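Residue numbers start from 1 in every chain, and the chains themselves are labelled A, B, ... in the order their sequence lines are given, proteins ahead of strands. Predicted model, so just to flag it, every value in this text is computed and none were measured.
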Amino acid sequence: KAGVTQTPRYLIKTRGQQVTLSCSPISGHRSVSWYQQTPGQGLQFLFEYFSETQRNKGNFPGRFSGRQFSNSRSEMNVSTLELGDSALYLCASRTSSGANVLTFGAGSRLTVL
Amino acid sequence: GEDVEQSLFLSVREGDSSVINCTYTDSSSTYLYWYKQEPGAGLQLLTYIFSNMDMKQDQRLTVLLNKKDKHLSLRIADTQTGDSAIYFCAESKGYNTDKLIFGTGTRLQVFP
């Protein structure tokens with residue numbers, strides 16, 4: 001069974017640009033969430049999707065957005081990039097039954113110059 | 001509050017036991033987790049414990065939960081060099097939510 005797949009793994013952008021990151025959850029998982037990991041702030045929750053609906057959102061500015069498609073794949077977008085957006089962005093998926101267990105992907109490492 | 005605290009570093013000799021500690025502030029936590037992160041990688045779930053349990057053992061891993069003191073610990077028996085990584089504890093506040101509050105992470109270094 002394939003794990004959570006995130007693309008791209010690495011990318012470099014400049015300030016002011018926008019970026020889109022993609023996440024394919026484990027087959028059968030309908031919940032997808034996103035986290036930002038930085039050395040200064042640690043791991044912070046961005047948002048959570050289930051059946052194409054955003055169920056929860058972390059404390060991030062409106063430049064951070066996401067969506068989920070009918071096949072449960074998810075994308076997140078960051079517009080008007082700032083240097084501080086440089087981070088590892090992690091996607092996780094979860095089955096909707098059983099224990100609250102998140103399986104994480106390897107992440108997309110974004111560097112903003 | 002939503003603070004989950006961990007000590008930053010732990011260094012142990014190969015073959016010894018490692019104990020990584022975590023304190024949390026929210027007594028309404030439902031699940032508590034331990035994740036492992038190796039360099040350049042994502043988070044790997046090691047184990048989790050439901051809030052109504054005191055202990056859970058899984059091979060070399062033992063999790064202890066003290067709800068009164070809001071203290072969670074992870075014991076790794078017979079620590080190996082491959083266990084060197086950053087370990088994160090995390091708490092969940094609901095039964096059907098993806099929002100986890102993570103600790104700051106403990107870097108475990110295992111020396112021969």
Side chain from CB out, backbone as N, CA, C, O: work out which of these in B/S92 comes under 4.5 Å of a heavy atom of chain A, or both, or neither.
-> side chain
Tell me, side chain or backbone of A/V4 under 4.5 Å from chain B's heavy atoms, or both, or neither?
-> neither
Taking every heavy-atom pair that is under 4.5 Å apart, which of A/G107, A/C91, A/A106, A/A92 has the most such pairs with chain B?
-> A/A106
Between the CG atom in B/L32 and the NZ atom in B/K56, the distance rounded to the nearest 0.5 Å is 11.5 Å
Among A/G58, A/G42, A/S31, the residue with the most heavy-atom pairs under 4.5 Å to chain B is A/S31
Side-chain ion pair, A/D85 and A/K13, N-O less than 4.0 Å = no
Output for pair (A/Q37 CD, A/L43 CG), nearest 0.5 Å, gives 4.0 Å
Which portion of B/F50 sits near chain A, non-hydrogen atoms under 4.5 angstrom = neither
Within-4.5 Å side-chain heavy-atom neighbours: B/L61 and B/I76 | yes
Are A/V32 and A/F60 connected, step by step, through hydrophobic side chains (Ile, Leu, Val, Met, Phe, Trp, Tyr) whose heavy atoms are closer than 4.5 Å?
-> yes
Side chain, backbone, both or neither of A/Y35 within contact of chain B (heavy atoms, under 4.5 Å) = side chain
Spell out, yes or no, whether A/L21 and A/F104 are grouped together once hydrophobic residues are joined by side-chain heavy atoms under 4.5 Å, including indirect joins.
-> no
Region of B/T97 that comes under 4.5 Å of a non-hydrogen atom in chain A = both
B/W34 and B/C22: which non-hydrogen atoms are nearest, and at how many Å?
-> CH2-CB, 3.7 Å
Residue by residue, which of residues 74-83 of chain A have a heavy atom closer than 4.5 Å to a heavy atom belonging to chain B?
-> none
With a 4.5 angstrom heavy-atom cut-off, could you sort out which part of B/L45 is near chain A: side chain, backbone, both or neither?
-> side chain
Cluster link A/I12 to A/L88, ILVMFWY, side chain under 4.5 Å = no
So, A/T14 and A/Q17: side-chain donor and acceptor under 3.5 Å apart, yes or no?
-> yes
Show the numbers, then the answer: is there a side-chain contact (heavy atoms from CB on, under 4.5 Å) between A/Q68 and A/R55?
-> CA-CA 11 Å; A/Q68 186 182 33; A/R55 289 203 300 194; over 6 Å; no
Go through the atoms of B/Q44 and report whether side chain, backbone, both or neither lie under 4.5 Å from a heavy atom of chain A.
-> neither
Report the C-alpha distance between B/V110 and B/Q80 in whole Å, list the side-chain angles of each, state the deciding distance to 0.1 Å, and finish with yes or no for side-chain contact (heavy atoms from CB on, under 4.5 Å).
-> CA-CA 7 Å; B/V110 182; B/Q80 302 298 307; 5.9 Å; no
Side chain / backbone / both / neither for A/R109 at chain B, heavy atoms under 4.5 Å | neither
Does any heavy atom of chain B fall under 4.5 Å from the side chain of A/L102, the backbone, both, or neither of them?
-> both
At a heavy-atom separation under 4.5 Å, does A/Q6 approach chain B through its side chain, its backbone, both, or neither?
-> neither
Cut-off 4.5 Å, heavy atoms of chain B, and the answer for A/L46 is neither
Side chains of A/C23 and A/Y89 in contact at under 4.5 Å (non-hydrogen atoms) | no
